Visitor: 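The structure that follows is given in the form of structure tokens.
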Amino acid sequence: MAPNDSAETTGEATSTVVGRRKAARYIVPVAVAGVAAATIGLVPALASSGDPDLPKISAQQLIEKIAASDEEQLSGTFKISTDLGLPLDGLAGSFAPGGAGGDEDGGAAAPQDKLMELTSGTHTLRVAADGPERQKLSILGEASEYSLIHNQGEVWAYDSESDEVYHAEAPEGRDGGKHAEKAPKAPEGAPATPKDFAEQALAAAGDTTSVTVDGTAQVAGRDAYQLLIKPKQSGSTIGSVRIAVDAENGVPLKFTLSAASGGKAVVDAGFTKVDFSRPAASTFDFTPPKGAEVTEADELETGGDEHGAAQKALPGQLAELDALAGEGGFNVIGKGWTSIAEIKSPGGKGLPAAGSDDMPAEAQGFLDALGDKVTGKFGSGTVFKTRLVNALLTDDGRVYVGAVTKDALVRAADAAQ
């Protein structure tokens with residue numbers, strides 16, 4: 001394949017390549033990876049001058065390089081800016097667990113509350129990783145700091161502003177603990193080498209995606225190649241995903257997600273400083289400060305109800321949607337970048353209709369602030385929009401949501417009749 005030839009793959013296949021490797025699992029702490037999933041990708045604002053002169057490389061070779069990366073130690077500073085085009089003042093709190101304070105889910109130090117803050121505005125983080133056993137992420141405030149630490153089977157979170165601590169056991173099977181036998185295993189027939197991963201990513205599912213190498217850049221003082229991923233399908237709100245990949249070790253250094261409508265990047269995130277030597281072991285040590293309020297995660301569990309526990313980790317009304325998906329009320333329409341999720345309650349009955357007494361007040365407020373009334377063969381409904389994800393709530397209570405345009409949602413609702 002020529003150095004800048006495009007190749008076809010899907011977003012799912014690309015994430016499979018990244019998700020299958022140690023570097024992708026551990027090189028940035030779990031919390032940062034979670035933000036990336038929640039915002040459908042991260043990517044960079046890269047300098048256009050002074051780019052390094054690097055050997056030519058094809059898209060397949062660069063994906064192989066990412067897949068083969070075995071870096072498990074690093075420390076550095078990470079900056080993330082997110083602009084979804086949401087009027088978050090007064091709305092973000094209504095979608096936080098419990099409405100605003102999150103007290104029922106572990107207090108101010110609970111990770112599911114703090115990490116939601118990364119979905120808007122600009123934040124500076126310090127990160128460190130030493131393999132699968134130790135990671136640390138700190139969100140730096142003007143006069144405070146929030147730290148999330150995983151150290152050999154334990155997870156600690158500390159909010160210096162509220163002087164609250166959250167403590168839990170590490171996720172099952174992460175570092176060979178008592179639940180290791182339950183850890184996910186690779187499916188039979190899965191690709192076994194970096195070349196296998198790259199070839200499957202580039203060949204998967206036909207013509208939905210263009211993948212090219214688009215020049216070079218310097219990121220955090222490191223030479224990097226730029227991997228450019230763009231949808232070929234019309235109707236997606238995503239314009240492109242650009243990933244700066246360390247030319248030496250294959251680690252993704254910086255990411256930028258751009259909207260099809262143009263303007264400021266939806267998500268711009270990456271290292272401003274990075275060091276691939278092993279951090280000092282003391283980096284991951286934590287002892288609750290004297291007098292701090294400590295909440296134990298096992299005090300919040302719901303009697304062994306794993307689905308209920310999972311719902312507690314989701315903000316506000318998203319937990320209700322997750323419950324419906326778990327009971328078969330979830331259907332995917334289309335494929336690739338223009339996939340749309342159709343959500344309805346079990347038995348085909350709709351979710352609470354807009355304006356009805358059953359619609360939660362915070363959800364109704366969200367719709368009122370962002371909604372556009374639409375009509376079609378499906379009837380009528382309200383579309384609420386961000387720069388990336390749009391959702392149609394029909395008046396009979398069905399929801400259609402995806403990284404697609406308003407017109408694409410209406411067409412999907414019409415086709416589902």
Side-chain angles (χ1 to χ4, degrees), residues 11 14-15 18-19 23-47 66 74-89 91-92 95-96 110-129 135-150 157 159-161 217-222 224 226-229 237-246 251-259 263-275 315 386-389 403:
T14 302
S15 62
V18 178
R25 290 203 307 268
Y26 305 128
I27 206 62
V28 178
V30 174
V32 174
V35 173
T39 54
I40 317 184
L42 300 173
V43 205
L46 298 172
I66 297 170
L74 72 72
S75 58
T77 305
F78 193 87
K79 186 175 181 179
I80 177 170
S81 296
T82 308
D83 181 10
L84 291 172
L86 280 169
L88 288 172
D89 292 343
L91 287 175
F95 276 79
Q112 63 266 29
D113 299 349
K114 275 292 178 181
L115 296 181
M116 281 295 291
E117 296 178 7
L118 299 182
T119 61
S120 66
T122 298
H123 303 271
T124 299
L125 300 83
R126 282 200 300 262
V127 298
Q135 300 99 29
K136 180 176 181 179
L137 177 148
S138 297
I139 304 173
L140 308 182
E142 292 184 6
S144 63
E145 182 174 318
Y146 175 82
S147 293
L148 179 62
I149 303 155
H150 168 224
D159 182 10
S160 68
E161 185 174 20
Q218 273 240 332
V219 178
R222 308 275 303 183
Q226 300 187 58
L227 187 67
L228 181 63
I229 303 168
T237 56
I238 298 173
S240 67
V241 173
R242 187 180 294 270
I243 306 174
V245 181
D246 193 295
V251 173
L253 295 174
K254 199 171 184 183
F255 314 80
T256 299
L257 175 63
S258 298
K264 182 181 177 181
V266 177
V267 181
D268 182 76
F271 287 101
T272 57
K273 296 180 181 178
V274 65
D275 181 352
T386 73
R387 296 182 63 212
L388 190 65
V389 179

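Nothing here was measured: the structure is a model prediction, and the numbers come from that model.
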Visitor: Can you tell me how far CG of L137 sits from NE2 of H150, rounded to the nearest 0.5 angstrom?
Guide: 14.0 Å
Visitor: Taking side chain as C-beta onward, heavy atoms only, is I238 less than 4.5 Å from L257?
Guide: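 Yes, their side chains come closer than 4.5 Å.
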Visitor: Checking S138 now: which residues fulfil side-chain contact (heavy atoms from CB on, under 4.5 Å) with it, not counting sequence neighbours?
Guide: R126, K136, L140, E145, S147
Visitor: Ignoring hydrogens, what is the shortest heavy-atom contact between L84 and V266? Give both atom names and the distance.
Guide: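 Scanning both residues, the minimum pair turns out to be CD2-CG1, 3.5 Å.
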Visitor: Evaluate side chain to side chain contact (heavy atoms under 4.5 Å, CB included) for V274 paired with R222, printing each intermediate quantity in order.
Guide: CA-CA 9 Å; V274 65; R222 308 275 303 183; 4.0 Å; yes
Visitor: Taking all heavy atoms of Q226 and all of A217, pick out the closest pair and write down the distance.
Guide: NE2-CB, 3.9 Å
Visitor: Working to the nearest 0.5 Å, report the span between CD1 of I243 and CG of L253.
Guide: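 Atom-to-atom, I243:CD1 and L253:CG are 11.0 Å apart.
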Visitor: My understanding is that only residues two or more places apart in sequence, or in another chain, count here; which of them pass salt bridge (charged side-chain N to carboxylate O under 4.0 Å, His left out) with E161?
Guide: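 Once residues adjacent in sequence are excluded, E161 has no partner under the salt bridge (charged side-chain N to carboxylate O under 4.0 Å, His left out) criterion.
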Visitor: Minimum heavy-atom separation for L125 and L118, please, with both atom names.
Guide: CD2-CD1, 4.1 Å
Visitor: What is the minimum heavy-atom distance between T77 and T124, and which atoms define it?
Guide: CG2-CG2, 3.7 Å
Visitor: Kindly give the heavy-atom pair with the smallest separation between F78 and F271, and that separation in Å.
Guide: CD1-N, 3.8 Å
Visitor: Are I66 and L227 packed together at the side-chain level, in the sense that at least one heavy-atom pair is separated by less than 4.5 angstrom?
Guide: yes
Visitor: When rounded to the nearest 0.5 angstrom, what distance separates CD in Q135 from CG in L74?
Guide: 10.0 Å
Visitor: Write down the atom of D83, the atom of A265, and the distance for their closest heavy-atom approach.
Guide: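 The answer is CB-O, 3.9 Å.
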Visitor: How long is the straight-line distance from CG of D268 back to OG of S81, given to the nearest 0.5 Å?
Guide: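 S81 atom OG to D268 atom CG measures 6.0 Å (nearest 0.5 Å).
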